[in-house]
Amino acid sequence: CPPLFLLVVMRRSGGFDDADDIVDDVDDADVGLVDGEGYLVVDAMRDENEEEEVRVLENPHVVAESTSSPLVDLFQEREPCCGKLKWASKPHHIMPYPPRTYWQDRRQVLREVLAGITTSFAQVPGSIAFAAIAGIDPLLGLHPAWIVGLFTAAFGSRPGMINGATGVRAATVAPFVKEYGVGMLFWIVLMISIYQCIFALMSLPRFIKLVPRPAMIGFTNSLAIIIFLGQLFAFKYDCGVGTSSLNQPCPQGVNDGDYRSGTELHMMITQVIITLIGCVIGMRFVKGIPPSMIGILFSVTVEWAILRQVGYSTPVIGEVSGVNGGLPKFFWVDNQYSSGDIPPLNGQTIKRCLWPAFIAAAAGAVEAVMTMEVINDITESTNPAPNQQIYALSAGNFVSGLFGTMGGGATIGESILNCINGANGRYRISGITASVMIFIYIMAASSVIEKIPTMSLVGVMLLIAFTAFEWESPVMVFAAMMPEKWRHSKFMSKFSIRKITRTDALCIILVVVVTLLTDLFTGVAAGIVLVAIVYCWQVGFQISATTELVKDEDGNVLKKIYRINGPLFFASALRFPDLFCPETDPDLVEVYFDHDTSDVYDFSALHSLNVVGEKYKKLDKSLHVKKLSHKSAKIIRKANQLVKHFVYSVEERVDVEEEVPLEEPFHQTVAKPAYKQKQARAAHLSAEHNETNENGITARHGSSTNIHETVEILDEEDDMLNISIV
């Protein structure tokens, strides 16, 4: 199965050729018209933030606006590597870049390596803590940090992201480990892998577009709070957990889990402050070395060169838990588990695994996609292939489950730390380095890692929490919740300029509260539901109608026309019948959906039309629905048998706008003969301009038009391609 996963990932990410990438980009294109010089004008969107205008020549060649455009890169040939595989030309490609790319950018490569090493320091205590939350051995949390991390970093994760054991996974599986034992955990992890593979096949990451910005803010704020609260455990006594010789027993009269106090607590807080000072110095004055590494070096120096020399000490990693271990084994042949520890694979086991695996898989997928968005913001880059992350997570969790570990997902805290320390979102080097270093720690270098003060890692995590938290959001929420009279006062005027709607403010609060009480998936879902309900409520009230009486020469009323403004869907369906007056209307009533925003969206809308039509039918009057958009006509036509009390005609509406003159053609040409195979497919999309060229071919602005033209394009073999532009 893992090789199959990797093959799917490589194929879907363009590991063999660029055909899939070209299809995806042309599918998102809006085709216009052929101008006077024989260009086919296409407004193609690489993604939501980058838009380029492209003109396709008759030969056909592609002309683009700038050489730096992602769309130009789309048509550049990738260099062959070995066999059918090609070197990467974009960050989301699975294959590495050509070797000369790394040499030319060797300074950034060094930053990536150092960032990966620094991030691995922070992963060790985090993974151990997550294993403790799940109620399993520390090594079962450490192994996923390199297994899942290596699979995702090498085979599909967004460059710059760090993956490993997560708190969401630990919190989800902990109750089931306690009830059924650690053996049930392995089957749950394997089931998670299957779920995530299904999510990727269904392209669910694309629905990240439905997550509103307030939910994103609530997501980052809640994670910042969770990271902060998670550091409080480092100030507690944890006696007799580790296996290192550095372990010290609890002082007399102190129980396991009590908070430290006195001079020891003061020394620990001092170490945190020293680490933060080192990080600030690194960010402001030192280039080429990750700030967090400088902070950790400051803390290690103070601990072993000063504090321990004068009789004081603070906890180190070795006093929290041992890091050393061996290679993991398949869980069914691991000697540490007896036959009774591993439940048999039968229907009852699968039934018990279905729900916790689904929650963990869904939460992991949401966390991964949201982390990608955060990394996009930090690195000011984009990731056009989010599905690769879910495929890679599926493969990593599958292997992790086979080796008897808790699996994992995207770790937003460590990912932010990685980018702060120098990862730029282009290379996978930092993620691979972090995974390899954790493997080395477990196998050989545990004695060195165990001497790092835990307070240095607490300081690094506090820096992550500070960076992740949206500090402007409390001001926005406060301004939104203030009464209007308060906002206009002189004292509050500086807050009112940052006001957002109360719905957005409630969404931020709801996501934070629900995430802290339950889990990330539930919190984000609650925020989306809240915003969606409010939006539907507001849009549902926007539906209205204007009326027009049509009379003959003698002044007799022939018919009455209702022109609908606003969408007709489930939120407006109950208000729709109130727009009509069946008792006073003439025998013939026509309903025009000829406004840009008036469309029929769902069965509720169709039912509402039937309700109105039935009222007219009882009065021996008829209702005709006309000027439907193509989308609305398609919905009604498919449900033709459900149209009982009104008559409709499929005549598409015409939206007339002001004419816009053509721009001058571009000059730079990049040849790509394969693009001609996609022209006919792209030309079915609607025009976004209203232009008339010298050949008399016209495209009008709007979602649809009744003007049909045929464009003739010759390919290299002079074969005619007829493209119908609507």
Where do Glu303 and Thr314 land on the side-chain hydrogen bond (donor to acceptor under 3.5 Å, both in side chains) test, with the steps shown first? CA-CA 7 Å; Glu303 176 70 24; Thr314 62; 2.5 Å; yes
Ring centres under 6.0 Å, that's the criterion: do Phe176 and Trp187 meet it? no
Filter on side-chain hydrogen bond (donor to acceptor under 3.5 Å, both in side chains), then keep only pairs touching [range], sequence neighbours left out; what's left?
range: residues 399-410; result: Ser400-Thr405
range: residues 343-352; result: Asn346-Thr349
range: residues 159-174; result: Thr152-Asn163, Ser157-Asn163, Asn163-Gln389, Arg169-Asn397

Anything under 30° is parallel, anything over 60° is perpendicular, the rest tilted; go ahead and classify Trp146 against His143. perpendicular
List the steps and the verdict of side-chain hydrogen bond (donor to acceptor under 3.5 Å, both in side chains) for Ser430 and Asn418. CA-CA 7 Å; Ser430 58; Asn418 189 42; 2.9 Å; yes
Could you list the residues that satisfy ring pair (Phe, Tyr, Trp, His ring centres under 6.0 Å) with Phe358, not counting sequence neighbours? Tyr195, Trp355
Among all residues two or more places apart in sequence or in another chain, which pass the ring pair (Phe, Tyr, Trp, His ring centres under 6.0 Å) test with Tyr337? Phe186
All heavy atoms of Ile289 vs all of Leu114, minimum pair found to be CA-CD1, 4.3 Å
Please report the closest heavy-atom contact between Ala368 and Ile390, naming both atoms and the distance. CB-CD1, 4.3 Å
Any chance the side chains of Asn376 and Arg158 put a donor and an acceptor closer than 3.5 Å? yes
Restricting to side-chain hydrogen bond (donor to acceptor under 3.5 Å, both in side chains), what partner residues turn up for Thr301, sequence neighbours left out? none
The test is side-chain hydrogen bond (donor to acceptor under 3.5 Å, both in side chains); show your working for Tyr312 and Thr263 and say whether it passes. CA-CA 9 Å; Tyr312 293 100; Thr263 304; 5.6 Å; no
